[in-house]
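FYI, the numbering just counts along the sequence from 1. If you're wondering where the values come from, they're calculated on a predicted model, not measured in any experiment.
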Amino acid sequence: MTDMINILERMGSDAGLRHASRQELERVLHAEQIDKSVREAMLSGDRAEFQSLMGVGPQFSVIMPGVEEEA
């Protein structure tokens with residue numbers, strides 16, 4: 001997973017990689033020895049599958065105002 005995080009960081013900071021063709025991105029992911037199922041999910045744009053493979057679930061938070069104390 002660390003390798004995939006490094007790739008995502010590179011994509012975020014390298015405009016050439018961020019806008020790379022599918023073939024170029026596939027070459028980079030293969031060279032970095034990213035797991036085939038993760039590569040396929042990323043290249044197909046299947047966000048749910050990619051998140052599942054990376055172990056990421058839905059994230060949310062609830063903010064509730066506290067109870068005001070009486071004077």
Side-chain angles (χ1 to χ4, degrees):
M1 183 153 124
T2 302
D3 294 337
M4 193 63 231
I5 292 171
N6 290 336
I7 291 291
L8 293 172
E9 285 180 356
R10 281 180 47 201
M11 289 178 72
S13 63
D14 181 347
L17 188 55
R18 184 174 42 244
H19 299 293
S21 68
R22 177 185 169 94
Q23 292 80 14
E24 178 65 17
L25 185 56
E26 190 170 7
R27 185 192 65 74
V28 169
L29 294 174
H30 185 72
E32 294 292 328
Q33 300 178 344
I34 301 301
D35 184 67
K36 184 178 179 182
S37 57
V38 175
R39 283 194 322 252
E40 289 173 354
M42 187 172 185
L43 293 169
S44 71
D46 188 343
R47 178 180 287 186
E49 179 66 13
F50 180 74
Q51 289 177 333
S52 173
L53 291 168
M54 297 299 293
V56 177
Q59 298 180 11
F60 61 92
S61 63
V62 177
I63 301 174
M64 299 175 65
V67 177
E68 292 186 27
E69 295 181 22
E70 293 185 29

*Asks:* Calculate, to the nearest 0.5 Å, the distance between atoms CG and NZ belonging to L43 and K36 respectively.
*Replies:*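 It comes to 11.5 Å.
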*Asks:* Among residues at least two apart in sequence or on other chains, which ones pass side chain to side chain donor-acceptor pair (under 3.5 Å) with E24?
*Replies:*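 If we apply the side chain to side chain donor-acceptor pair (under 3.5 Å) test to E24, skipping adjacent residues, the hits are R27.
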*Asks:* Quick one, L8 and M42 - any side-chain contact, counting heavy atoms below 4.5 Å?
*Replies:*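 Counting from C-beta outward, L8 and M42 do come under 4.5 Å.
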*Asks:* Can you sort out the partners of E32 under side chain to side chain donor-acceptor pair (under 3.5 Å), two or more places apart, ordered by chain and number?
*Replies:*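 Testing E32 for side chain to side chain donor-acceptor pair (under 3.5 Å), a comparison that skips the adjacent residues, returns R10.
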*Asks:* My understanding is that only residues two or more places apart in sequence, or in another chain, count here; which of them pass side-chain contact (heavy atoms from CB on, under 4.5 Å) with Q23?
*Replies:*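 Result, side-chain contact (heavy atoms from CB on, under 4.5 Å) vs Q23: S21.
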*Asks:* Under the side-chain contact (heavy atoms from CB on, under 4.5 Å) test, which residues partner S37, sequence neighbours left out?
*Replies:*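 Result, side-chain contact (heavy atoms from CB on, under 4.5 Å) vs S37: D35, L53.
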*Asks:* Going by the rule side-chain contact (heavy atoms from CB on, under 4.5 Å), which residues pair with Q51 if we only count those two or more places apart in sequence or in a different chain?
*Replies:*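 Checked Q51 against side-chain contact (heavy atoms from CB on, under 4.5 Å); matches are R47, V56.
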*Asks:* Would you mind reporting whether R39 and L25 have side-chain heavy atoms less than 4.5 Å apart?
*Replies:*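 Result no, sub-4.5 Å side-chain heavy-atom pair not found.
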*Asks:* Under a 4.5 Å cut-off applied to non-hydrogen side-chain atoms, are M11 and I7 in contact?
*Replies:*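 Result yes, sub-4.5 Å side-chain heavy-atom pair found.
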*Asks:* Could you list the residues that satisfy side-chain contact (heavy atoms from CB on, under 4.5 Å) with D46, not counting sequence neighbours?
*Replies:*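 Once residues adjacent in sequence are excluded, the partners of D46 under the side-chain contact (heavy atoms from CB on, under 4.5 Å) criterion are S44, A48, E49.
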*Asks:* What heavy-atom pair brings G16 and D14 nearest, and what distance separates the two atoms?
*Replies:*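 Distance-wise, the nearest heavy atoms are N-OD1, 2.9 Å.
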